[in-house]
Enquirer: 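Following this message is one structure expressed as structure tokens.
Computed over heavy atoms, backbone and side chain alike; hydrogens, waters and symmetry mates excluded. This structure is a prediction, so every number in the text was calculated from the model and none was measured.
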Amino acid sequence: MKKVTFILAIFILMLTCNISLSASLTDSSLNKVLSLSGILKQVAEYPGMVNAGIDQAHQQGPSIPENKLAGMKRAVEKAFIPEMFINAISEEIRNNITEEEATQIISWYESSSGRQITLAEEKASKPDALQKMINEAQALFSNTDRIRIVQEIDNLVGATDTTMQIQMDTAVAIFTSISSALGQNQEEFLENFKMQLTSQEEQMRQNAEQITILSFLYSYKNIEPNTIQEYIRFLEKPTTMKLIESVKKGMKYSFGKAINEMAESLGVLLSSQES
């Protein structure tokens, strides 16, 4: 009976203390994951990338007055603070990745293939890459083998889904803020706008997938197929999937805050210029 009681006590202790059985992620390993994966550099480019998108839209249809354009850019820089993104992503990684798992991730990113992938992704995240990507779109989409490969990456990391969600959240936040600034009936206008978004959802998803695939094609255009396949095998690992989900969750939270901040600033900007 004593033996049974002892075994039961050990079992209960294991259940209540299982978190301590895996070493907590150290600051050193967290910083290595953030740095080697390219997250630090890519997040630092977010304000520039968003403003590059605004410039691109302005070039295609220059209907936005210069003073409003400048105000929009200031709103972006105020809202898209890289440190906020890094803090949120770091917190999610700390909550989900152990020291042992981080060691496995770091080992791959320190490999030759890992360094190639990270460098390619960092270059593609720079603001000036957007125009280059558009210029090369036709040539990049002509390679059907590459398209199939990067579609597999998209499925693994959920990039199209994330892009789609960010677009929807951005549209709703900006519309809500601007309609409020103009003194319109919030509830009625918002419901109508959401219905319009729903009716356009399929087309929006196609557009989101197209730009996602294009960004991947551009990012990995100089990477050998064998190296990309090695990257896919790395992405398929359970530990890597945990990292991906942690980064996505941190980014989703940060983008939500940034979008609402930006929408509020745009609403104030429009309201001040209308009055």
Enquirer: Using the rule that Ile, Leu, Val, Met, Phe, Trp and Tyr join whenever any side-chain heavy atoms are under 4.5 Å apart, tell me whether Met241 and Met251 fall into a single cluster.
Expert: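 Yes; Met251 is reachable from Met241 via cluster members.
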Enquirer: Just wondering, more than 12 heavy atoms not from Glu224 lying within 6.0 Å of its CD?
Expert: no
Enquirer: Measuring from atom CZ of Phe141 to atom CG of Leu214, what distance do you get when rounded to the nearest 0.5 angstrom?
Expert: 4.5 Å
Enquirer: Just by modelled atom types, is the Ala159 backbone N or O under 3.5 Å from a matching donor or acceptor in the Thr163 side chain?
Expert: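 It does hold such a pair.
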Enquirer: Taking everything shown except Lys248 itself, do over 12 heavy atoms lie less than 6.0 Å from its NZ?
Expert: yes
Enquirer: State which residue, out of Ile232, Leu235, Ile228, fulfils the side-chain contact (heavy atoms from CB on, under 4.5 Å) condition with Glu152.
Expert: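 When side-chain contact (heavy atoms from CB on, under 4.5 Å) is applied between Glu152 and each of Ile232, Leu235, Ile228, only Ile232 qualifies.
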Enquirer: Answer yes or no: is there a side-chain heavy-atom contact under 4.5 Å between Glu264 and Asn260?
Expert: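 Heavy-atom side-chain distance check fails, nothing below 4.5 Å.
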Enquirer: Mind checking what makes ring pair (Phe, Tyr, Trp, His ring centres under 6.0 Å) contact with Phe234, not counting sequence neighbours?
Expert: Trp108, Tyr109
Enquirer: So, using side-chain hydrogen bond (donor to acceptor under 3.5 Å, both in side chains) as the criterion, who are the partners of Ser113 when residues are at least two apart?
Expert: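 Counting only residues at least two positions away or on another chain, Ser113 forms a side-chain hydrogen bond (donor to acceptor under 3.5 Å, both in side chains) with Glu230.
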Enquirer: Please enumerate all residues that pass side-chain contact (heavy atoms from CB on, under 4.5 Å) together with Lys41, with sequence neighbours excluded.
Expert: Glu122
Enquirer: If I take atom CD1 from residue Ile117 and atom OG from residue Ser37, how far apart are they, to the nearest 0.5 angstrom?
Expert: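 Going from the CD1 atom of Ile117 to the OG atom of Ser37 covers 13.0 Å.
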Enquirer: So Asn95 and Ser246, do their side chains get closer than 4.5 Å, heavy atoms only?
Expert: no
Enquirer: Could you tell me if the side chain of Leu30 sits less than 4.5 Å from the side chain of Ile93, heavy atoms only?
Expert: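 A side-chain contact exists here, since the closest heavy-atom pair is under 4.5 Å.
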Enquirer: Among all residues two or more places apart in sequence or in another chain, which pass the salt bridge (Lys or Arg N to Asp or Glu O under 4.0 Å) test with Arg205?
Expert: Asp161
Enquirer: Show the nearest heavy-atom pair for residues Leu243 and Ile97, with the distance to one decimal.
Expert: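 The answer is N-CD1, 3.8 Å.
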Enquirer: If I take atom OH from residue Tyr218 and atom CG from residue Leu140, how far apart are they, to the nearest 0.5 angstrom?
Expert: 9.0 Å
Enquirer: For the side chain of Ser107 and the backbone of Thr103, is there at least one donor-acceptor N/O pair under 3.5 Å apart?
Expert: no
Enquirer: Would you check if there is a donor-acceptor pair between the side chains of Glu121 and Tyr220 at a distance under 3.5 Å?
Expert: yes
Enquirer: Glu91: what forms a salt bridge (Lys or Arg N to Asp or Glu O under 4.0 Å) with it, not counting sequence neighbours?
Expert: none
Enquirer: Can Lys221 and Glu136 be counted as an ion pair, charged N to O under 4.0 angstrom?
Expert: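 Here Lys221 pairs with Glu136 in a salt bridge, since their nearest N and O are under 4.0 Å apart.
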Enquirer: My understanding is that only residues two or more places apart in sequence, or in another chain, count here; which of them pass side-chain contact (heavy atoms from CB on, under 4.5 Å) with Ser112?
Expert: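 Ser112 satisfies side-chain contact (heavy atoms from CB on, under 4.5 Å) with Arg115, Gln116 once adjacent residues are dropped.
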Enquirer: How far apart are the closest heavy atoms of Ala102 and Val33, and which atoms are they?
Expert: CB-CG2, 4.2 Å
Enquirer: Got a donor-acceptor contact below 3.5 angstrom from the Thr118 side chain to the Leu36 backbone?
Expert: yes
Enquirer: Do Thr212 and Ser215 pair up side chain to side chain, a donor and an acceptor below 3.5 Å, judged on atom types alone?
Expert: no
Enquirer: Looking at every heavy atom in both Ser29 and Leu25, which two are closest together, and how far apart are they?
Expert: CB-CD1, 3.7 Å
Enquirer: Return the NZ to CD1 distance between Lys252 and Ile259, rounded to the nearest 0.5 Å.
Expert: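 If I round to the nearest 0.5 Å, the distance is 11.0 Å.
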Enquirer: Is a side-chain N or O of Thr240 found less than 3.5 angstrom from the main chain of Glu236, in a donor-acceptor match?
Expert: no
Enquirer: Using 0.5 Å steps for rounding, measure from the CG atom of Leu130 to the CD1 atom of Ile134.
Expert: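 Answer for the CG-CD1 pair, Leu130 versus Ile134, is 4.5 Å.
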Enquirer: A side-chain contact here means heavy atoms from C-beta on lying under 4.5 Å apart; do Thr98 and Ser24 qualify?
Expert: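 A side-chain contact under 4.5 Å is absent here.
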Enquirer: For Lys242, what residues pass the salt bridge (Lys or Arg N to Asp or Glu O under 4.0 Å) criterion, not counting sequence neighbours?
Expert: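 Testing Lys242 for salt bridge (Lys or Arg N to Asp or Glu O under 4.0 Å), a comparison that skips the adjacent residues, returns Glu101.
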Enquirer: Compare all side-chain heavy atoms of Arg146 with those of Pro225 and state whether any distance is below 4.5 angstrom.
Expert: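 A side-chain contact under 4.5 Å exists here.
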Enquirer: Could you grab the distance from atom CD of Glu110 to atom CD1 of Ile105, nearest 0.5 Å is fine?
Expert: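 Those atoms lie 12.0 Å apart.
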Enquirer: Any side-chain heavy atom of Gln151 sitting closer than 4.5 Å to one from Phe216?
Expert: no
Enquirer: For Lys126, check salt bridge (Lys or Arg N to Asp or Glu O under 4.0 Å) against everything at least two apart and list the hits.
Expert: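 For Lys126 the salt bridge (Lys or Arg N to Asp or Glu O under 4.0 Å) partners, ignoring immediate neighbours, are Glu45.
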Enquirer: Got a list of side-chain donor-acceptor pairs under 3.5 Å for residues 69-88, not counting sequence neighbours?
Expert:
from	atom 1	to	atom 2	distance (Å)
Lys73	NZ	Asp55	OD1	2.7
Lys73	NZ	Asp55	OD2	3.1
Asn87	ND2	Glu83	O	3.2

Enquirer: Determine yes or no for a side-chain-to-main-chain donor-acceptor pair under 3.5 angstrom, with Asp154 supplying the side chain and Thr160 the backbone.
Expert: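 Checked: pair present.
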Enquirer: Partners of Asp27 by side-chain hydrogen bond (donor to acceptor under 3.5 Å, both in side chains), sequence neighbours excluded?
Expert: Arg94
Enquirer: Is there a donor-acceptor pair under 3.5 Å between the side chain of Asn135 and the backbone N or O of Gln131?
Expert: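 Flag set: sc Asn135 to bb Gln131 pair under 3.5 Å.
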Enquirer: Return a table of donor-acceptor pairs under 3.5 angstrom between the side chains of residues 195-204 and protein atoms on other chains or two or more places apart.
Expert:
from	atom 1	to	atom 2	distance (Å)
Thr198	OG1	Lys194	O	2.9
Ser199	OG	Gln196	O	2.6
Gln203	NE2	Asn207	OD1	3.1

Enquirer: Examine Tyr253 and Leu34 and state if one hydrophobic cluster contains both, with Ile, Leu, Val, Met, Phe, Trp and Tyr joined whenever side-chain heavy atoms are less than 4.5 Å apart.
Expert: no
Enquirer: Please enumerate all residues that pass side-chain contact (heavy atoms from CB on, under 4.5 Å) together with Asn222, with sequence neighbours excluded.
Expert: none
Enquirer: Check the pair Ile89 / Ser254 against side chain to side chain contact (heavy atoms under 4.5 Å, CB included), numbers first and verdict last.
Expert: CA-CA 8 Å; Ile89 291 170; Ser254 301; 5.6 Å; no
